[in-house]
Participant: 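Can you read through this structure? Questions will come right after.
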Amino acid sequence: FTMLSLPGAITIYAGQGGEARVERLAWRLLYILIPSTLGVFSLFFFNIEKEYRHTFYSLERGIDLLVRRIRTTPAERIKAGAIFGNSKHLWISIEGEVRNWVEENWSKWEEDKPKWFDENMKAKIPEEWIPA
């Protein structure tokens, strides 16, 4: 969107009495910059193997991706990072599931002491979720 806002910025600059020389230079740069960027992006995108192109875009919202990752990831280290490495606002919709997961696994983590379950990670877990 930044590239698309450049014509508007140049027009505003000119409308406020900006130097004509600077305005002409800005338009020339714009005529070079936008097509060049589109060309490079197109070249990049079409050089990607077709089977991997779908990995560069998605209509899934970030919050939905995070919730899906939390629910489907079997690796506890990755799940814990996805939960406690992100804002609670992103996973508040499944807070009950997260709390149950922590309560069910806390004693196992305390006993096994996995590398990811360090003091930093423990500090991110709400105290009321820690079994007595």
Participant: For Glu111, does the CD atom have more than 12 heavy-atom neighbours from other residues, nucleotides or ligands under 6.0 Å away?
Facilitator: no

Participant: Side chains of Trp101 and Arg71: closer than 4.5 Å at any heavy-atom pair?
Facilitator: no

Participant: Consider only side-chain heavy atoms of I, L, V, M, F, W and Y, link residues closer than 4.5 Å, and tell whether Phe41 and Ile34 are in one cluster.
Facilitator: no

Participant: Determine the minimum heavy-atom distance between Pro131 and Glu103, stating which atoms define it.
Facilitator: CG-O, 3.8 Å

Participant: Residues two or more places apart in sequence or in another chain: which of them pass ring-ring contact (aromatic ring centres under 6.0 Å, His included) with Phe56?
Facilitator: Phe44

Participant: To check you understand the geometry: which heavy-atom pair defines the closest contact between Ala82 and Leu66, and what is its length?
Facilitator: O-CD1, 3.4 Å

Participant: Sequence neighbours left out, what passes salt bridge (charged side-chain N to carboxylate O under 4.0 Å, His left out) with Arg53? Give chain and number order.
Facilitator: none

Participant: Indicate, with yes or no, if Ile92 and Ile70 share a hydrophobic cluster defined by side-chain heavy-atom contacts under 4.5 Å among Ile, Leu, Val, Met, Phe, Trp and Tyr.
Facilitator: no

Participant: Decide yes or no for Asp112 and Phe117: does some side-chain heavy atom of the first lie under 4.5 Å from some side-chain heavy atom of the second?
Facilitator: no

Participant: Taking all heavy atoms of Ile48 and all of Tyr52, pick out the closest pair and write down the distance.
Facilitator: CG2-CB, 4.0 Å

Participant: Can you see which heavy atom on Pro35 is nearest to which on Ile32, and at what distance?
Facilitator: CD-O, 3.6 Å

Participant: Among pairs that include at least one residue of residues 74-83, which meet side chain to side chain donor-acceptor pair (under 3.5 Å), considering only residues two or more places apart or in two chains?
Facilitator: Glu76-Lys108, Glu76-Trp109

Participant: Who passes salt bridge (charged side-chain N to carboxylate O under 4.0 Å, His left out) against Arg28, sequence neighbours left out?
Facilitator: none

Participant: Would a hydrophobic clustering, with Ile, Leu, Val, Met, Phe, Trp and Tyr connected at side-chain separations under 4.5 Å, put Met121 with Ile78?
Facilitator: no

Participant: Please tell me if the side chains of Leu6 and Trp27 come closer than 4.5 Å, counting only heavy atoms from C-beta onward.
Facilitator: no

Participant: Search all heavy atoms of Asn86 against all heavy atoms of Leu90 and return the closest pair with its distance.
Facilitator: CB-CD1, 4.0 Å

Participant: Aromatic rings Phe84 and Trp91: how do their planes relate, parallel, tilted or perpendicular, breaks at 30° and 60°?
Facilitator: perpendicular

Participant: For Phe46, what residues pass the ring-ring contact (aromatic ring centres under 6.0 Å, His included) criterion, not counting sequence neighbours?
Facilitator: none

Participant: Distance check, rounded to the nearest 0.5 Å: Ile10 atom CD1 versus Ser5 atom OG?
Facilitator: 9.5 Å

Participant: Measure the spacing between CG of Leu33 and CG of Leu38 and express it to the nearest 0.5 Å.
Facilitator: 9.5 Å

Participant: Could you list the residues that satisfy salt bridge (charged side-chain N to carboxylate O under 4.0 Å, His left out) with Lys88, not counting sequence neighbours?
Facilitator: Glu95

Participant: Side chains of Val102 and Ile83: closer than 4.5 Å at any heavy-atom pair?
Facilitator: no

Participant: Hey, any chance Leu29 and Val22 share a hydrophobic cluster, counting ILVMFWY side chains that come within less than 4.5 Å of each other, even indirectly?
Facilitator: no

Participant: Are there over 12 heavy-atom neighbours, none belonging to Glu51, within less than 6.0 Å of that residue's CD?
Facilitator: yes

